[in-house]
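Below is one structure, written out as structure tokens; comments come after it.
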Protein chains: 2
Amino acid sequence: MSKKNAILAAATHLFSRNGFKETSMSELTRITGAAGGTIFHHFKNKEDLFLNILKNVQETILSAFREHKETAGYKNGIEMVEGVITFYLDLAGVIEDQFLLLHRHYPYQMAETNTVCRSYLESVHNGLLDIFEEGISIGIEDGSVKVKSPRNTAMVLFAMVDGVVRLNTYNLYHAGSLYNDLMASCRKILTNE
Amino acid sequence: MSKKNAILAAATHLFSRNGFKETSMSELTRITGAAGGTIFHHFKNKEDLFLNILKNVQETILSAFREHKETAGYKNGIEMVEGVITFYLDLAGVIEDQFLLLHRHYPYQMAETNTVCRSYLESVHNGLLDIFEEGISIGIEDGSVKVKSPRNTAMVLFAMVDGVVRLNTYNLYHAGSLYNDLMASCRKILTNE
DNA sequence: CAGCCAACCGAATGATCGGTCGGTTTTTTG
DNA sequence: CAAAAAACCGACCGATCATTCGGTTGGCTG
């Protein structure tokens, strides 16, 4: 179990930081201390290793949000949406590698031909959108949110928040000081008119 | 010139669609009909070829916006911002490859060590942000826009619009029908409060 | 203790990679 | 038209790649 987890951990980091093709099995053996044969004993091939990691990413992120939703206890819809967004920004900093992997193009390209990969990605994105949408719908009922389409608004909000996270990882400009403006924009989208 | 342009065109497509490492020079020779030596006659190495393409992307996108700004003729700030966003969405569909290249992780990774690459990326992003910010600032002066920080608002808006474009290219969900909600969200961010 | 199986090893393999080089063809120039 | 320059060719190179395989180890079971 030890070597297998070491391989998973190192591969998660390397795939996220450097990409799939750019990560070599020999680099993996060097870092983990595991022999080449050991990796292929635990994982059918490189793609299988990648899928195992993607599965971990999906489970980690979704269960983090599931736990957050249970413990947070928001009193109305807009508070929930804002809390979820704040949690999203925090989480993206805590488990950077997992989010970085989802910001790479490779998984989505692989999803075009690999149904397992596609199901993991759909699960993550739909799961996150569901949480956004749930907060919006609750907000519409309790009057704290006023929008036309909850699902579409959830998608726009997600695109905005995820876009900020992504631009933040490319440190072209320091988007860290963007939190207040981001939350203000969210509130405007959710409340006015 | 003919072969050189063929190489540039094919490489733009392959680097965008498949990535840098995933694109082989032999694939490039097969598609263009150019011999291996010919590619390295025109470009010092694979990275140099990539940088030439990135330079083209930067020039193409920025000049497209420059021309758009000259011919559009908006009467106030908010109309300009909305027009620019609409143009951004259109352009992302017209020159898909160029935008896809900027949505890949590889260029930003290369920018960490390559100053030329970094300058191209900074030029594109800063140029686009400048246009967004200009519209916002004009809007503040003419009263059509009400926000605190023009630059930060420009960054949030850009993250949102670019996020939608990116999620659209991964066809996990059909974000094409998001236009109206996206523009409504923009208007809310720019006008209320 | 015997037998078994999963974990682990590392040398070997064939394919493919980016890049080189000496030579030929085409274009430009004086 | 001659000669220089630029474009182009394709065989070749060493390095690296993902993957294989025969064999060793170590812990569990009966």
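Only this structure's heavy atoms are used, side chains among them; waters, hydrogens and symmetry mates stay out.
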Can you measure [X] atom [atom1] to [N] atom [atom2] for me and round it to whole angstrom units?
| X | N | atom1 | atom2 | answer |
| --- | --- | --- | --- | --- |
| Lys21(A) | dA18(D) | NZ | P | 9 Å |
| Lys4(B) | dC9(D) | NZ | C1' | 18 Å |
| His41(B) | dA11(D) | NE2 | C1' | 19 Å |
| Glu22(A) | dA18(D) | CD | C1' | 15 Å |
| Arg30(B) | dT16(C) | CZ | P | 11 Å |
| His42(B) | dT27(C) | NE2 | P | 13 Å |
| Asn18(B) | dC17(C) | CG | P | 12 Å |
| Phe43(B) | dA6(D) | CZ | C1' | 15 Å |

Query raised in the report: Rounded to the nearest 0.5 Å, how far does CD of Glu96(B) lie from NE2 of His13(B)?
Result: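 Here the interatomic distance stands at 8.5 Å.
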
Requested in this report: Rounded to the nearest 0.5 Å, what's the gap from CG on Leu157(B) to CG on Leu128(B)? Could you check?
Outcome: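 Separation between the atoms: 12.5 Å.
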
Query raised in the report: Taking the six-membered ring for Trp, are the ring centroids of Phe99(A) and Tyr88(A) within less than 6.0 Å of each other?
Result: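 Yes: the rings meet the under 6.0 Å criterion.
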
Report task. Show the numbers, then the answer: is there a ring-ring contact (aromatic ring centres under 6.0 Å, His included) between Tyr108(B) and His125(B)? Result -> CA-CA 12 Å; Tyr108(B) 303 92; His125(B) 281 95; 5.8 Å; yes

Whether [X] contacts [N] is assessed here as follows: a side-chain N or O lying under 4.0 Å from the phosphate OP1 or OP2. Is that the case?
| X | N | result |
| --- | --- | --- |
| Ser24(A) | dC17(D) | yes |
| Ser26(B) | dG18(C) | no |
| Lys3(A) | dC9(C) | yes |

Query raised in the report: Would you say the side chain of Ile85(B) lies within less than 4.5 Å of the side chain of Phe132(B), judging by non-hydrogen atoms?
Result: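 Yes - at least one pair of side-chain heavy atoms lies under 4.5 Å apart.
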
Requested in this report: For Thr23(A) and for Gly33(B), locate the closest nucleotide of DNA chain D by heavy-atom distance; then report the residue assigned to the nucleotide nearer the 5' terminus.
Outcome: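 Nearest nucleotide further toward 5': that of Gly33(B).
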
Requested in this report: Looking at every strand, decide which applies to Thr29(A) at a 4.0 Å heavy-atom threshold: base, sugar-phosphate, or nothing.
Outcome: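 Since no nucleic acid heavy atom lies under 4.0 Å of Thr29(A), the category is nothing.
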
Requested in this report: Describe the nucleic acid contact of Thr32(A) in one word from base, sugar-phosphate, nothing, applying a heavy-atom distance below 4.0 Å.
Outcome: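 If one applies the 4.0 Å heavy-atom cut-off, Thr32(A) turns out to touch nothing in the nucleic acid.
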
Requested in this report: Would you work out how much the helix from dC4(C)-dG27(D) to dG30(C)-dC1(D) bends between its ends, with each end axis defined by five base pairs, to 10 degrees?
Outcome: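 For the helix from dC4(C)-dG27(D) to dG30(C)-dC1(D), the axes at either end differ by 10°.
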
Query raised in the report: Do Val145(B) and Thr153(B) pass the side-chain contact (heavy atoms from CB on, under 4.5 Å) test, and can you show the C-alpha distance, the side-chain angles, and the key distance before you say yes or no?
Result: CA-CA 11 Å; Val145(B) 170; Thr153(B) 304; over 6 Å; no

Query raised in the report: Cationic tip of Lys21(B) within the cone over Phe20(A)'s six-membered ring, i.e. under 6.0 Å and within 45° of the normal?
Result: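 No, Lys21(B) does not sit over the ring of Phe20(A).
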
Collect all protein-nucleotide pairs involving nucleotides 19-25 of chain C in which both atoms are nitrogen or oxygen and the distance is under 3.5 Å.
{"residue": "dG19(C)", "atom": "OP2", "partner": "Lys46(B)", "partner atom": "N", "Å": "2.8"}

